[in-house]
**Student:** 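Dumping the structure here so I can ask a few things about it.
In the text below, chain A, chain B and the rest are named by the order of the sequence lines, each starting its count at 1. Because the structure is a prediction, the values reported are computed rather than measured.
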Amino acid sequence: MADRVDVNVPRFNQAFVAGLLGLAFVLQWWPLVAVVAVVLALTRFAGPQWGLFTQAYVRLIRPRLAGSVETEPAGPPRFAQLLGVAFLGSATAAFVAGWPAVGWGIALVVFVLAALAATTRICVGCIIYERATT
Amino acid sequence: MDMAARLVLLAVLLAVSSGLVAVWQRRPGRDGGIPGVVLFTSPGCTLCGPVERALRDRGVQLRVVDVTDTTPTPAIRSTPTVVVTAPDGGVVMRRAGRAALEDVAAIAAAHLAEPGASGTTSDDPPR
C-alpha cells in the first residue's frame, strides 16, 4: 500500500516535541519553541529526510527494534504535523510581538497534545483529519 | 512563576489530560483502546487496501503489519489476513484473502463484541 508510515515515527516526533516544549517552558526560553516549529516545518514540507527527530529515530532507534514494522496511513499524522507547525508558528509570533502569556499558552496546548499522542497514541490532529475526510 | 511552579503546572496538565483520556477510553464499547484486530499485508496486495478501508469505516481500530518487513511471520500464508484477538491474546477469528473482504461485518462484530463473549476460533470456511 502506498503512502504509509511506520507508526513509531509520529510517536517519536511527538515525544521529542513534548519534551522540548516542556523544557522550553520550564526554562522560560521561547526560542526553543521556534526551533521546534522549524524542525516540524522542515519535516512536513521538505520531507522526512530533513526531519531531525525522524532521522534520529530511523538511524538510532529503528535498527534496534525487533519484529515487524507496523504501519499506518501517512495522511493523518502529516496533517497533525501541519497543525503543530501552525500552532507553534503562532506561539513564536506571539513571543516576538511581546505577548509571552499567549505564546506559552499555545505552546502548552501543543505540549499536552504531543505528550498524549506519544504515550496513548491518541492523536487529536489525526482524529480531526479522519473526521474531515470521511 | 518560578521553575518549581512551572514543573508542577506541567505535571498537573499531564495528569489531568491523562485522566480525561483514561475516562474517555473506558466508555462503553471500548476495550481500553487496545486494538484486537491485526491486518497482515504485503507489497502488491490489491485486496489489502479495500479490506483496511472497510474495517476502518466500521470503526474497527486495527494494526497493519507488513509481513515482508524484518521478522518473518510463518503463521501467515497469504495476504490480506485479518486476525481478531481476545483481550487475553487468544485468536477469535481469522480470515484470509477474499474472505477477509467478504466477512468485514463479521470481523467488526467479533472485535466490538463484549470481552469474554468469544470462546471459539473461527478459521477460514472450507472451500
Side-chain angles (χ1 to χ4, degrees), chain A residues 1-8 11 14-15 18-30 61-76 100-101 104-124 126-127 129-131 133-134, chain B residues 1-25 30 32-35 37-53 55-59 61-76 79-80:
Chain A
M1 279 177 274
D3 207 22
R4 300 187 66 86
V5 64
D6 179 342
V7 296
N8 293 317
R11 307 290 100 74
Q14 286 147 0
L20 290 176
L21 290 180
L23 183 65
F25 178 69
V26 169
L27 298 179
Q28 289 289 284
W29 198 57
W30 70 261
I61 308 293
R62 185 167 173 178
R64 293 168 174 75
L65 292 179
S68 300
V69 174
E70 180 183 348
T71 62
E72 63 183 6
W104 286 124
I106 297 172
L108 285 178
V109 169
V110 178
F111 162 78
V112 169
L113 294 179
L116 280 178
T119 54
T120 66
R121 299 182 65 168
I122 294 177
C123 167
V124 174
C126 304
I127 293 172
Y129 177 89
E130 287 164 357
R131 295 281 169 89
T133 56
T134 56
Chain B
M1 189 186 294
D2 64 4
M3 187 177 293
R6 290 194 289 270
L7 279 170
V8 169
L9 177 60
L10 287 182
V12 168
L13 283 174
L14 284 176
V16 169
S17 53
S18 297
L20 291 174
V21 167
V23 170
W24 184 68
Q25 286 187 323
R30 296 282 302 182
I34 302 171
V37 178
V38 182
L39 169 63
F40 293 92
T41 67
S42 61
C45 169
T46 56
L47 282 178
C48 293
V51 170
E52 181 183 358
R53 281 191 295 275
L55 288 171
R56 291 192 190 278
D57 287 346
R58 289 176 181 273
Q61 251 194 342
L62 71 158
R63 293 174 54 210
V64 179
V65 177
D66 186 339
V67 297
T68 61
D69 261 321
T70 57
T71 305
T73 49
I76 304 302
T79 57

**Student:** For residues G22(A) and L10(B), report the shortest heavy-atom separation together with the two atoms involved.
**Tutor:**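 Where G22(A) meets L10(B) most closely, the heavy atoms are O-CD1, 3.6 Å.
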
**Student:** Answer yes or no: is there a side-chain heavy-atom contact under 4.5 Å between T119(A) and L14(B)?
**Tutor:**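 A side-chain contact is absent here, since even the closest heavy-atom pair is not under 4.5 Å.
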
**Student:** Taking all non-hydrogen atoms of both residues into account, name the closest pair between M3(B) and L27(A) and its distance.
**Tutor:**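 Minimum heavy-atom contact is CE-CD2, 3.9 Å.
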
**Student:** Out of curiosity, M1(B) CE to W104(A) CH2, how far, rounded to the nearest 0.5 Å?
**Tutor:**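 M1(B) CE to W104(A) CH2: 11.5 Å, rounded to 0.5 Å.
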
**Student:** Return the minimal non-hydrogen interatomic distance between L116(A) and S17(B), and the atom names on each side.
**Tutor:**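 So the two residues come closest at CD1-CB, 3.8 Å.
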
